[in-house]
Every structure is written in C-alpha cells, then in structure tokens.
Amino acid sequence: MVTPLFAKPGTVFQPLITSRCLECPYFNACLGNLRPLVSYRVIGFRKHVVHCPALSEDLVTVEVEELPARLVMNSRYVMPGAVVYYQKPDCDKEVEGCNPVFVEERERVRILREIEKVGNELSVVEVEFIDPPHPRLWLLAKQKFLGRKAGHRSE
C-alpha cells in the first residue's frame, strides 16, 4: 500500500517505516512482503483504499515488481545467471554496501550481472531475490538505523 501520490503505474519507490508500522494490523499487507531499502515499481493499482493508523492518511493498494538490488559478494561466487546463497563478505569499512539490511545470510539470490570489481576478491553485483523476504528484515533495518546491533536492548 502506498500514498495516492505513488499509486501510479511506473512510479518507483523504496519502502520505509515509521516507529508505529511494526505494530500496525496492516503491516503484513502493507510492507511485510517488501524488503527494506529495495526499489519497487508500481505496475498496477486496485481501487481499495485503507486508512493507515500509523501515518494517519489513506493508502492505496498497488501491485509492484521488485527491481534488482546491488550486493557486494566474494568474486569467486559471481557467475551471471547462477543462483547462490548469499554470504556476507569480509569487507573493509570503506566498502559501501557490505552490510545490507535487505538480505539475510544464506538467502538465495540470482546473480544478474557483475557491475564492478572491488579490490581483488570482491564484486558489486546486481541480483534478484528468489525467496520472499522474512519480516525480521524490518526489525534488523530498524535496529541498524537506530545504531543498535541485532539482539541488543537498551534498558
């Protein structure tokens, strides 16, 4: 579900959440099947409008397609067309995209193409996801944005 501004075929967006989204009764229908910070294109919409209690505004139900995402991977696994289990590479801190919030360790991805080499052992690749996202990705994304490690609670 998106705001009416985004409910037009061809519109590209990245889903974001508010602090109240995770407890919302519409979370699974709204964002639960999407990945944090992955781009989506609206391909159609339905004339079904829901009032969002988290945003206090109306949302339109849309059909979307997930666009390819970029990951940093170990170069030895990079073969366009191959389906592999994602493994977080050992990266230097200056390598952007080394710790994405939109994919989990051992999640299946199809490598579409290699974009560039990063050093001797790493590559930036464009992938599509094979499996649907697990809702815990939103929890991990929220924790990362707040600067906390997964499982850490402040008391």
Side-chain angles (χ1 to χ4, degrees), residues 1-73 77-89 95-116 123-154:
M1 292 186 266
V2 296
T3 60
L5 179 66
F6 289 102
K8 297 173 181 68
T11 301
V12 175
F13 69 96
Q14 289 183 335
L16 298 173
I17 62 172
T18 70
S19 59
R20 297 182 301 205
C21 289
L22 294 173
E23 288 83 29
C24 179
Y26 300 118
F27 178 77
N28 286 337
C30 183
L31 293 172
N33 292 319
L34 303 180
R35 293 174 183 277
L37 300 180
V38 168
S39 294
Y40 290 86
R41 179 180 295 120
V42 175
I43 57 173
F45 66 96
R46 299 187 178 118
K47 295 182 182 189
H48 182 74
V49 177
V50 173
H51 185 76
C52 172
L55 298 175
S56 297
E57 64 180 295
D58 290 340
L59 298 180
V60 178
T61 303
V62 293
E63 297 174 43
V64 298
E65 68 178 344
E66 189 174 77
L67 299 178
R70 291 184 176 196
L71 291 174
V72 175
M73 297 182 71
Y77 302 122
V78 176
M79 294 180 295
V83 174
V84 299
Y85 289 97
Y86 173 73
Q87 293 180 358
K88 184 178 178 231
V95 177
E96 185 179 332
C98 234
N99 193 18
V101 297
F102 52 80
V103 63
E104 292 188 283
E105 190 86 16
R106 307 267 317 135
E107 190 172 337
R108 294 183 309 157
V109 297
R110 176 175 288 112
I111 299 171
L112 300 176
R113 67 186 179 105
E114 182 177 44
I115 296 170
E116 66 178 311
S123 295
V124 176
V125 295
E126 194 171 66
V127 301
E128 65 182 7
F129 300 99
I130 304 298
D131 303 313
H134 194 284
R136 83 176 139 252
L137 287 174
W138 285 103
L139 294 170
L140 296 172
K142 180 180 174 184
Q143 290 169 348
K144 183 173 182 176
F145 296 140
L146 294 175
R148 298 181 186 154
K149 293 183 180 177
H152 175 73
R153 299 174 95 182
S154 59

K.L.:
List for me each residue that meets salt bridge (charged side-chain N to carboxylate O under 4.0 Å, His left out) alongside R20, sequence neighbours excluded, and say none if there are none.
P.N.:
none
K.L.:
In chain order, what residues pass the side-chain contact (heavy atoms from CB on, under 4.5 Å) check against E105, with sequence neighbours excluded?
P.N.:
Q87, K88
K.L.:
Would a 4.5 Å heavy-atom cut-off, applied to side chains only, mark L37 and L16 as touching?
P.N.:
yes
K.L.:
Got a sec, which pairs hit salt bridge (Lys or Arg N to Asp or Glu O under 4.0 Å) with one end in residues 31-43, sequence neighbours left out?
P.N.:
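For residues 31-43, and leaving out neighbouring residues, the salt bridge (Lys or Arg N to Asp or Glu O under 4.0 Å) pairs sorted by first residue read R35-E66, R35-E107, R41-E65.
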K.L.:
For A69 and F102, which heavy atoms make the closest approach, and how far apart are they?
P.N.:
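Heavy-atom minimum between the residues: CB-CE1, 3.9 Å.
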K.L.:
Got a sec, which residues hit side-chain contact (heavy atoms from CB on, under 4.5 Å) with P15, two or more places apart in sequence or on another chain?
P.N.:
F13, L31, L34, Y40, W138
K.L.:
What closest approach, in Å, do L67 and V38 show between heavy atoms, and which atom pair accounts for it?
P.N.:
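For L67 and V38, the tightest heavy-atom pair comes out as O-CG1, 3.9 Å.
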K.L.:
Partners of R106 by salt bridge (charged side-chain N to carboxylate O under 4.0 Å, His left out), sequence neighbours excluded?
P.N.:
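Result, salt bridge (charged side-chain N to carboxylate O under 4.0 Å, His left out) vs R106: none returned.
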K.L.:
Pairs in or reaching into residues 52-62: which pass side-chain hydrogen bond (donor to acceptor under 3.5 Å, both in side chains), with residues at least two apart or in two chains?
P.N.:
H51-D58
K.L.:
Checking Y85 now: which residues fulfil side chain to side chain donor-acceptor pair (under 3.5 Å) with it, not counting sequence neighbours?
P.N.:
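By the side chain to side chain donor-acceptor pair (under 3.5 Å) rule, Y85 matches no residue at all.
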K.L.:
Side-chain contact test, heavy atoms from C-beta onward, threshold under 4.5 Å: evaluate it for V84 versus V109 and give yes or no.
P.N.:
yes
K.L.:
Are V42 and K8 close enough, and set up right, to give a side chain to side chain contact (heavy atoms under 4.5 Å, CB included), and what steps lead you there?
P.N.:
CA-CA 7 Å; V42 175; K8 297 173 181 68; over 6 Å; no
K.L.:
Do E104 and L137 have side chains that get closer than 4.5 Å, going by heavy atoms?
P.N.:
yes
K.L.:
Can you tell me how far OG of S123 sits from CG of L71, rounded to the nearest 0.5 angstrom?
P.N.:
11.5 Å
K.L.:
Quick one: list whatever passes side-chain contact (heavy atoms from CB on, under 4.5 Å) with C52, sequence neighbours left out.
P.N.:
A54, L55, L59
K.L.:
Apply disulfide (SG to SG under 2.5 Å) to C24 and list each qualifying residue two or more places apart in sequence or on a separate chain.
P.N.:
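Applying disulfide (SG to SG under 2.5 Å) to C24 gives none.
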K.L.:
Looking only at heavy atoms, what is the nearest atom pair of V12 and S39, with distance?
P.N.:
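That would be CG1-CB, 4.1 Å.
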K.L.:
Return the minimal non-hydrogen interatomic distance between V72 and Y86, and the atom names on each side.
P.N.:
O-CE1, 3.8 Å
K.L.:
If you take all heavy atoms of L112 and P80, which pair is closest and at what distance?
P.N.:
O-CB, 3.7 Å
K.L.:
Sequence neighbours left out, what passes salt bridge (charged side-chain N to carboxylate O under 4.0 Å, His left out) with R46? Give chain and number order.
P.N.:
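With sequence neighbours excluded, R46 shows a salt bridge (charged side-chain N to carboxylate O under 4.0 Å, His left out) to E63, given in chain and number order.
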K.L.:
Holding to side chain to side chain donor-acceptor pair (under 3.5 Å), I want the full list of residues that pass it with R70, two or more places apart in sequence or in another chain.
P.N.:
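Counting only residues at least two positions away or on another chain, R70 forms no side chain to side chain donor-acceptor pair (under 3.5 Å).
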K.L.:
Under the rule for side chain to side chain donor-acceptor pair (under 3.5 Å), what residues qualify as partners of N28, not counting sequence neighbours?
P.N.:
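Checked N28 against side chain to side chain donor-acceptor pair (under 3.5 Å); zero matches.
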